[in-house]
Structures are given as structure tokens and as C-alpha cells.
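Heads up, the thing below is written out as C-alpha cells.
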Amino acid sequence: MIANEEKSLNFLEEILEEDIRANKNGGAVLTRFPPEPNGYLHIGHAKSICLNFGIAQRYNGKTNLRFDDTNPVTEDTEYVESIKEDIKWLGFEWANEFYASDYFDTLYDFAVKLIEKGLAYVDDSSAEEIARLKGTPTEPGQPSVYRSRSVEENLRLFAEMKAGNYADGEKVLRAKIDLASPNMHMRDPIMYRIKHAHHHRTGDKWCIYPMYDFAHGQSDAIEHITHSICTLEFIPHRPLYDWFIEKLEIFPSKQYEFARLNLNYTVTSKRKLLQLVNEGFVSGWDDPRMPTISALRRRGYTPASIRDFCDRIGIAKRENVIDVSLLEFCIREDLNKTAWRRMAVLDPVKLVITNYPEDKTEVLHGENNPEAEDGDGYREIPFSRELWIEREDFMEHPPKKFFRLGPGLMVRLKHAYIIKCEDFVKDEHDMVTEIRATYIPESKSGQDTSGIHVKGTIHWVSVPHAKTAEIRLYDRLFSVEDPGSEERDFKEYINPQSLNVLPAAYIEPDLEHAANRGYQFIRKGYFTLDKDSQPGKLVFNRTVTLKDTWAKETKKA
RNA sequence: UGCCCGAUAGUAUAAUGGUAGUACGACAGAUUUUGGUUCUGUUUGUCUAGGUUCGAAUCCUGGUCGGGCAACCA
């Protein structure tokens, strides 16, 4: 008997189950995914999306998508659209599409309420002055001279701020909490600042905008979010989050924190990604070398593989750096089961089968996927006397365990015959230009009566039938594990080999009708059609290589 | 030298006072018409010093190390 093992819970699921058991909020679970629309979503967001949507699914709850759009200067509808597309593509549905900016009126009323309670005041100090008076972690702050303004004056000034009577930076609204708090966030945090800026949704209606701390928790409360899950750096904000909710007497949403994803050989800071885009180090947010969701999609990653990845990395509170090889494992695992096998020769050299008739063509059959019981269907592959094979599959002086071609060596041509290398031709630069072989007629794939067993099988494409395609080989964007370590500018670590374009590789003719799906080019890796493809000019992106133990072997030697 | 969070194989993540397990990686072997896949095996771990307890990765105390906090960013 196999034990009925249940997957262990992460700490958030334990909290959820505890809350449900205690019938907190009537057992309801409502989470939210709260991106700021100032950049594209990346793999780190995918972790948060899978967490927030996944946990709600698991506990019969729902998830709101809420754009945290309280800073009009950096935000844009382009980002709103890409974010929605990425979440849908990952396979999640939000219950409601909300915007923090939907709540600007309510938030304003909340602020007035705090002023009336004597818990907020308008401060005319400059940014520098406020920072100075805040003190340091080891020294308490000092009150500004405006801290003792009357409720009436504060009410009037705040209304005037809203009315546009003041310039940017002239005044702010601050909560009146505790200037000596050991938690810097409780030292009279700013609630509202003046920004005469056009907002992507509210236009020019407002010239004052709430800060994150005076928008996020309140928005959660308005929506009755039961579990507001965010990353570790917001832990010190939690007392403030609770303070506003308590003083405002609104729905008691609770904040919980988990450790964000870090991936080695990768940067995920939005600021850095924006730099890569703006300074032309990559072709855009969806350049297949980027860690963005849109880039992973273009590269050929599947939603299932990314969800699987997010599942495997787990949820905890300790800082972590995930090996990018785990992401690669996840996409290989998925594509191995679903990708159609095809043959493509990336670095060609000609092979002539001297005992095969010059005018003969055979049509061979190859299964789409050997992992599937029925092969997932078959495609036709033309075979003829002249073939393109991979240059690296031939060696003039092969070492002992080289199971490919060399003088006198035998291999099987995938889905076709066993051949024996008889001769080869070199040009004046010592470059092999042609390999000559004989084939064994009774060794035909599927009806082999030759009794010969060979160790190696190589892929090929018939010369007269071959089509060409541009193939883009991607490698990791950075050559060091932690490009974000502030020792040097992260752009100095960019891998110069991260993109290698093969303008005209040979592909088997069936690929001319390639669909928008994953393909495995046998022995070479997983590939997918790029959006740059035109009719008659196909472009393939390499999603990921195959595991290559031979390459590892040769590297060791 | 203020406050907060954390510390389990190389990397992640379980064990909720009672046998330290799983995945990825690495290594070795078997199978293979992809040097892929699959299968089998091996390797490596509780930061440290005390305490509580019959028994501690788990609870307590001190230390060490890592991370965060002093934006009119989120």
C-alpha cells in the first residue's frame, strides 16, 4: 500500500487553514494581486501570482486584480494591458479588476476623518527638513513646527491642497503617530503629497495623491481582502497598516509576508530591467533573454512549466536564491511530453551516400513524439542520396567513446538507415567539405533485418528537400551568478554570447508549416516559432537546450 | 551600534517535542533508433554555546552570520 501522502503546507496555507477552522471572516478567503503598472511582470511576479491565485483556489476563495496606481508619474496603460495579458496567459482569472485610483474619493474622506480625530496634520516642511527631523534609527525624531496645527486649520489646508492652491512639494499630509518610534515608518509617515501630474485613469482630477501606505491597506479593507500577501520588505510597514485600519475603523484586512524570488544569473529589479530596455541591451521587454513573463512566453516557456516552477520553489520567509537550472528543468519536463520532434541541422556539412541511387527519393515516417503512446501522429520525411548533417557529428580523429561518424565508423540516420563512413573531402583550409558513406539497405528503420547494432544515431535533412530558417540561440543574459551585487554596474556582467543568430539553418520540410507550439529539434533542444516569422521566412527561438551529458564529458577531458 | 525578519545537504523546501525526508543539481550504472527520456543507486545537512526535557531541527537564553528599515517610490 502506498501511503496517502498529502503535500505539506507552507506557512501561509497553515494560517489560512487555521483561520478557516476558527471561522474567521465567516471562512471567506479573498486575496489580491496588486501590481503597480510601471513595468512588465517578471518571473518573481509569477511566484506572487501563483501564490495569491493558487491559495484562493485551494480554499474556495477569490482573487482581485488591483492596480496600485498611486504614482501617476511612472505609470501607464501600456503596462496595465501587458499585466492583464500575462496573468491570463499564466492561466488565472481575477474576480474583479480594480484600481487604487478607484478609491481616491474614499481615501480622501479617510484622510479628512483622521484630521478630524487629530491624527493627521498638514506639514509645510521641505522634503529635506522632514527627513532631517525624522531622526535616525538610533535617535528619535523631532516635531516640525506645523505638527500642532488645529484641526480646523488642517482641514482647510488639506482642502486647499486638493483644490490645487499649492505647488508640488509645498505641503504634505502626515499621520500624527510617534516621532520616537523605533520603527521609522511610524514617525509621522506622509499620507498625501502634491503632484500636478496627469493620471492614466483619473486624468487631471487630482493634484494630490496618496502614498502607498495610505492606499494599500485601505484598498484591501474596502475590498474586504482577508489575506493581504506581500513580500518581506513590507514587514516594518505592518504596524502602520494596522494603525490606519484601527483608527479608520474599517474592515480588518491582515498583511502577511513571504520571501521574494531571486534567481541566479538574473536580475529582477524593475529599475534594472527598464535600463536594459531603454539602453538597448535587449530588444524590448519581451526579448527572449529577459526574465519577464512576456519574454518567457516568446522564448517558448509554457504557462504550465512556470506554474510548476512556482510550485517547486516553495513559499517561506527566508531569503533564497533559486538555481535557474530548476526553471530549465521545468520547461524540459513539460516540453518533453508535448513538443513535436523534428530534425534541423544548425551547422551543416554535406553527407553523400555513394551507393544510394542519384535520382531516388524515399518518404520516411517519424513519430511526432515518442513519449506519447501513439506517437502523437506522424509526419513524412523525404530521404535522398545527399543529406545535411551536423558538422560536430563527424571527427577525422575520433576519441574512444565518440558514437558518431569518423573514418570507418557506423551510425544510424534517425528514422532511416545505418551508414558507414568510407571517406571525406577537405578543402585547402583543412575544412571538411563532404563526407562519403555507404548505406545498408536492409537496415531501414522499422524493418531492420541487418542484425547490426550501432551506438549512435544522428539527425539529418535531405539536401534537395531542405528548407531554411533563421534560428536564434539564446544563452543566459548574465555570466555571473549575482549580477545585481552592487560591486560593479550589472551591465558589465552581460554575457556577450547570450544571443547567437544562425541566419539560414536547414530544417526538414514539414517545419515549413510550423504551428505556434513547442518543437524539439532532435538532439539540439526545444524551439518555438518567433513572432518575427514571415511567410517564407521562418524564425525559431531556442527555448532551452537538451541535457547534454556528452558535452559535459568532453568538457571534463 | 535602535527596531524588525531569518538561519536544515551545492540550491530550494519538509519534519509542528519522538526514525532528519523530498525535489533540483552532482556522481555512478542500466535501458534507449535523440549522448534526450525513463529506471536504479551514491554523495552531502539541522549556524554556535548553554538550558528545559526521558527525548530538541523544533521550546528558552546568549552569541554569530545574513537580510530589511531613516523615498513627497511601491
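For the numbers below, each heavy atom of this structure counts, side chains included, while hydrogens, waters and symmetry mates do not. Below, read A as the first sequence line, B as the second, and so on, with proteins coming before strands; counting in each chain starts at 1.
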### Message
If you assign each of A:Lys47 and A:Ile190 to its closest nucleotide in RNA chain B, which residue comes earlier from the 5' end?
### Response
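The residue mapped nearer the 5' terminus is A:Lys47.
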
### Query
Closest nucleotide of RNA chain B for A:Phe402 versus for A:Met184: which of these residues is on the 5' side?
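Closer to the 5' end of RNA chain B: A:Phe402.
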
With a non-hydrogen cut-off below 4.0 angstrom, is [X] in contact with a base, only sugar-phosphate, or nothing?
{"X": "A:Glu319", "answer": "sugar-phosphate"}
{"X": "A:Pro34", "answer": "nothing"}
{"X": "A:Leu232", "answer": "nothing"}
{"X": "A:Asn320", "answer": "sugar-phosphate"}
{"X": "A:Ser125", "answer": "base"}
{"X": "A:Phe329", "answer": "sugar-phosphate"}
{"X": "A:Ser181", "answer": "nothing"}
{"X": "A:Asp548", "answer": "sugar-phosphate"}
{"X": "A:Ile315", "answer": "sugar-phosphate"}
{"X": "A:Ala127", "answer": "base"}
{"X": "A:Tyr192", "answer": "nothing"}
{"X": "A:Lys195", "answer": "sugar-phosphate"}
{"X": "A:His216", "answer": "nothing"}
{"X": "A:Ala215", "answer": "nothing"}

### Query
A:Arg404 and A:Glu392: which non-hydrogen atoms are nearest, and at how many Å?
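Of all heavy-atom pairs spanning A:Arg404 and A:Glu392, the closest is NH1-O, 3.4 Å.
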
Please confirm whether any donor atom in the side chain of [X] sits under 3.5 Å from an acceptor in the base of [N], or the reverse.
{"X": "A:Thr457", "N": "B:U34", "value": "no"}
{"X": "A:Arg341", "N": "B:U34", "value": "yes"}
{"X": "A:Gln520", "N": "B:U34", "value": "yes"}
{"X": "A:Arg412", "N": "B:U33", "value": "yes"}
{"X": "A:His237", "N": "B:A74", "value": "yes"}
{"X": "A:Glu371", "N": "B:G36", "value": "yes"}
{"X": "A:Arg332", "N": "B:G36", "value": "no"}

Given [options], the nucleotide with the shortest approach to the side chain of [X]:
{"X": "A:Lys414", "options": "B:G2, B:U38, B:U33", "result": "B:U33"}
{"X": "A:Ser445", "options": "B:C24, B:U33, B:U34", "result": "B:U33"}
{"X": "A:Ile130", "options": "B:U34, B:C24, B:C72", "result": "B:C72"}
{"X": "A:Glu233", "options": "B:U37, B:A74, B:U38", "result": "B:A74"}
{"X": "A:Pro236", "options": "B:C69, B:U13, B:A23", "result": "B:C69"}
{"X": "A:Thr138", "options": "B:U38, B:U1, B:A74", "result": "B:U1"}
{"X": "A:Trp550", "options": "B:U37, B:G35, B:C3", "result": "B:G35"}
{"X": "A:Lys317", "options": "B:C5, B:U34, B:C72", "result": "B:C5"}

Side-chain N,O ([X]) to OP1/OP2 ([N]) below 4.0 Å:
{"X": "A:Thr70", "N": "B:A74", "answer": "yes"}
{"X": "A:Arg193", "N": "B:C73", "answer": "yes"}
{"X": "A:Lys552", "N": "B:A26", "answer": "yes"}
{"X": "A:Lys134", "N": "B:C69", "answer": "no"}
{"X": "A:Arg318", "N": "B:U13", "answer": "yes"}

### Task
Give the rounded distance in Å between these two atoms: CD1 of A:Ile235 and P of B:C5.
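After rounding, the gap between these two atoms is 7 Å.
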
### Between B:C24 (C1') and A:Arg312 (CZ): distance, integer Å
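A:Arg312 atom CZ is separated from B:C24 atom C1' by 8 Å.
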
Mind checking whether [X] and [Y] have parallel, tilted or perpendicular rings, split at 30° and 60°?
{"X": "A:Phe521", "Y": "A:Phe527", "value": "parallel"}
{"X": "A:Tyr192", "Y": "A:Tyr108", "value": "perpendicular"}
{"X": "A:Phe383", "Y": "A:Tyr417", "value": "tilted"}

### Query
Would you say A:Tyr212 stacks on B:A74, if stacking means ring centres under 5.5 Å apart and planes within less than 30 degrees?
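Not stacked: fails the 5.5 Å / 30° test.
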
### Query
Would A:Lys171 count as a cation-pi partner of A:Tyr166, with NZ or CZ less than 6.0 Å from the six-membered ring centre and within 45° of the ring normal?
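The answer is yes; both the distance and angle limits are met.
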
### Beyond-backbone contact of A:Arg379 with A:Arg342, side-chain heavy atoms, under 4.5 angstrom
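Yes, at least one pair of side-chain atoms sits under 4.5 Å.
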
### Message
Could you check whether any side-chain heavy atom of A:Glu13 comes within less than 4.5 Å of a side-chain heavy atom of A:Ile315, counting everything from C-beta outward?
### Response
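Heavy-atom side-chain distance check fails, nothing below 4.5 Å.
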
### Task
Report the residue from A:Arg193, A:Arg174, A:Arg149, A:Arg147 that forms a salt bridge (charged side-chain N to carboxylate O under 4.0 Å, His left out) with A:Asp123.
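With A:Asp123 as partner, A:Arg193, A:Arg174, A:Arg149, A:Arg147 yield a single salt bridge (charged side-chain N to carboxylate O under 4.0 Å, His left out), made by A:Arg174.
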
